[in-house]
Amino acid sequence: ATALPAAAVALPGDPKAAILQALRGQLSAGPYRTTTTITMEDGAQTIVGTVIPPDRMQVAMDLGGMKTEMIYIGDKVWSRQGDGEWQVADRMGTPGAGLLDESMIADSEATITAAALVGPEVVEGVAALLYTFTTDLNKSTVMPMDSIMQTKVWIDAATGLVIRQETTDSTAETPSTTVQVVEYDPSITIEAPAE
């Protein structure tokens, strides 16, 4: 067995507490970029989000050749289709690549079961700890649905932050696998579109 890498950030021994601590760390970490790929039987969709906590986010989605981009700054939202003009948009809740907030973490606390530490693993050259857990969305207060998902999450051993997640939902009508890679990049900026 490989020795666990020395963590600059101590993760709790309880796997569920460690996962929640890593998620909570994202509330103040950043700037960071998430690349989320959702694969279903009819193909894959990719969503790229950049986030500067607490309240700046840019999301670019390519859904079957239909490109949409959104910028969230505070309570303002802009969106555009393809290379079209930016429009001021309504805040219709946050998209899937959304800004994590305390209510989502509290919800995870209620829905995560069977959390386990699998062990050390290297992800793209980074020493990480792999955890697995089950999410039962029947217990969710934010987005309740009849769905049970299996998730693997890799937490950077040095920073205690999430660097990769893989979720499989085989209980939904359309089974899907979602892979999210998180890169922390201090050079990310998010500005309002020029008026």
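Because the structure is a prediction, the values reported are computed rather than measured.
- Applying the salt bridge (Lys or Arg N to Asp or Glu O under 4.0 Å) definition to pairs two or more places apart or across chains, those involving residues 156-167 are R164-E166.
- Remark: D42 CG to T174 OG1 distance equals 8.0 Å, nearest 0.5 Å.
- Note that CD1 of I163 and OG1 of T34 are 14.0 Å apart. Values are rounded to the nearest 0.5 Å.
- The shortest heavy-atom contact between I73 and A192 is CD1-N, 3.4 Å.
- Within a 6.0 Å radius of NZ in K152, no more than 12 heavy atoms belonging to other residues, nucleotides or ligands are found.
- The cluster map of Ile, Leu, Val, Met, Phe, Trp and Tyr, joined by side-chain heavy atoms under 4.5 Å apart, puts Y32 and V123 in the same cluster.
- Nearest approach of S176 to M40, heavy atoms of both residues: CB-CG, 3.8 Å.
- Going from atom OG1 of T132 over to atom CD1 of I19 covers 7.0 Å, rounded to the nearest 0.5 Å.
- Here S79 pairs with M70, A89 under the side-chain contact (heavy atoms from CB on, under 4.5 Å) rule; sequence neighbours left out.
- L23 and L27 end up in the same hydrophobic cluster when Ile, Leu, Val, Met, Phe, Trp and Tyr side chains are linked at under 4.5 Å.
- Between the CD1 atom of I112 and the OH atom of Y131 there is a distance of 12.0 Å, given to the nearest 0.5 Å.
- K67 places no side-chain N or O within 3.5 Å of a backbone atom of D83 that could act as its donor or acceptor partner.
- Within the structure, ring pair (Phe, Tyr, Trp, His ring centres under 6.0 Å) pairs that include any residue of residues 152-171 do not occur (at least two apart or interchain).
- Of all non-hydrogen atoms in A44 and T37, the two that sit nearest each other are CB-CG2, 4.2 Å.
- By the 4.5 Å heavy-atom criterion applied to side chains, D62 and T46 are not counted as neighbours.
- Taken from CD in Q165 to OG1 in T151, the straight-line distance is 6.5 Å, to the nearest 0.5 Å.
- D107 and T141 form a side-chain donor-acceptor contact under 3.5 Å, judged by distance and modelled atom types alone.
- Taking hydrophobic clusters as Ile, Leu, Val, Met, Phe, Trp and Tyr residues chained together by side-chain heavy-atom distances below 4.5 Å, F133 does not share a cluster with I148.
- Of all heavy-atom pairs between E109 and R24, the closest is OE1-NH2, 3.9 Å.
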What side-chain donor-acceptor pairs closer than 3.5 Å can you find for residues 184-191, not counting sequence neighbours?
from	atom 1	to	atom 2	distance (Å)
Y184	OH	V162	O	2.7
D185	OD1	S187	N	2.8
D185	OD1	S187	OG	2.6
D185	OD2	R33	NH2	3.3
D185	OD2	S187	OG	3.3

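- L129 and V122 sit in two unconnected hydrophobic clusters of ILVMFWY residues. Membership requires side-chain heavy atoms under 4.5 Å apart, directly or through other members.
- Applying the side-chain contact (heavy atoms from CB on, under 4.5 Å) test to T113 and every residue at least two apart in sequence or in another chain returns T134, K139.
- Linking Ile, Leu, Val, Met, Phe, Trp and Tyr whenever their side-chain heavy atoms come within less than 4.5 Å leaves V179 and V126 in two separate clusters.
- Across A29 and P53, no two heavy atoms sit closer than the pair O-CG, 2.7 Å.
- Residues satisfying the side-chain contact (heavy atoms from CB on, under 4.5 Å) test with Q45, not counting sequence neighbours, are I38, L63.
- The shortest heavy-atom contact between L11 and A18 is CD2-O, 3.9 Å.
- Counting heavy atoms from C-beta outward, L20 and S108 have side chains that approach closer than 4.5 Å.
- We find the CG-CD distance between L130 and E121 to be 5.0 Å, quoted to the nearest 0.5 Å.
- Side-chain contact between Q21 and I155 is absent, with no heavy atoms from C-beta onward closer than 4.5 Å.
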